[in-house]
Amino acid sequence: MELMRVRTVVPLSLPLKTTCATTLGGFELPKGTVVWPNLWALHMDEREWDKPEEFHPERFLNDEGNLKPKPESYLPFSAGRRGCLGEALVKDELFLMFTCLLQQFVFTVPPGAEKPSLVPYCEAFNLRCQKYEVIGRKRNK
Ligand code: HEM
């Protein structure tokens, strides 16, 4: 959850259009207005998150280490009827992929190489990481 917050994969969601006149945050929107949600801004909002630029997975956990209810300001897959259709699939895939890799391998950077940059870049609608070199060593059983 923290990965998907701190480096929002689809930072500007997708553009949508109002199907009727409505109001949003005090603004009147006529029918046919293009609305483009900024999920990056939501996930980096200091009013919603303590030190939003920092990576703190524990912000989603309670004192017992269990998952807290999902904060309203956490929307990596956007929301509503046009929210991401792949959400359930993606969550399971990410969990399986990360746990499998981290159980099997120890990851390091090659000697003398820089750690992967945390500065992302955008390609089409997606945030991507810069290229980096990594060594994956199989863990001893
Ligand atoms: C980390 C991976 C992914 C993220 C963070 C993500 C996020 C998003 C976001 C923010 C939207 C825009 C929703 C909106 O307009 O309100 C979207 C739309 C969509 N996503 Fe994903 N997505 C991911 C992967 C996938 C995958 C794997 C699939 C398919 C298997 C998928 C299928 C779709 C579809 C079909 C839409 C359009 C929904 C519509 O307009 O009704 N996504 N996604």
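Read the numbers this way: they start at 1 and go in the same order the structure lists the ligands and their atoms.
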If you scan protein heavy atoms around atom 30 (C) of ligand 1, the nearest is L89 CD2, 3.7 Å

Would you indicate whether the side-chain heavy atoms of V109 and I135 approach each other to under 4.5 Å? no

Discussion item. According to a hydrophobic-cluster definition based on side-chain heavy atoms being under 4.5 Å apart (Ile, Leu, Val, Met, Phe, Trp, Tyr only), do M4 and M44 belong together?
Written reply: yes

R128 side chain to Y121 backbone, donor-acceptor under 3.5 Å: no

Next on the checklist: Any atom of ligand 1 sitting under 4.0 Å from a heavy atom of L39?
Outcome noted: yes

Taking only non-hydrogen atoms of V9 and a 4.0 Å limit, the atoms of ligand 1 in range are 5 (C)

heavy-atom search around atom 12 (C) of ligand 1 in the protein gives S13 OG, 3.4 Å

Out of R82, K91, E93, the nearest non-hydrogen contact to atom 14 (C) of ligand 1 is supplied by R82

Same cluster for L42 and L127 if Ile/Leu/Val/Met/Phe/Trp/Tyr side chains link at under 4.5 Å?
-> no

Closest heavy-atom pair, K70 versus L75, reported as atoms and distance to 0.1 Å, is NZ-CD2, 3.7 Å

- request: Could you tell me how the ring of Y74 sits relative to the ring of F60: parallel (under 30°), tilted (30 to 60°) or perpendicular (over 60°)?
  value: perpendicular

field: Distance under 6.0 Å and angle within 45° of ring axis: K115 vs Y132
entry: no

Counting only protein N/O/S atoms, those under 2.8 Å from atom 21 (Fe) of ligand 1 total 1

- Message: With a 4.5 Å cut-off on side-chain heavy atoms, are R7 and L118 touching?
- Response: yes

Nearest non-hydrogen protein atom to atom 37 (C) of ligand 1, with distance, is L14 CD1, 4.4 Å

With heavy-atom distances below 4.5 Å as the criterion, would you say the side chains of F125 and P15 are in contact?
yes

Under 3.5 Å donor-acceptor, R139 side chain and L102 backbone = yes

heavy-atom search around atom 16 (O) of ligand 1 in the protein gives S78 OG, 2.9 Å

Contact region, T8 to ligand 1, non-hydrogen atoms below 4.0 Å, reads neither

The protein heavy atom nearest to atom 10 (C) of ligand 1 is P76 O, 3.6 Å

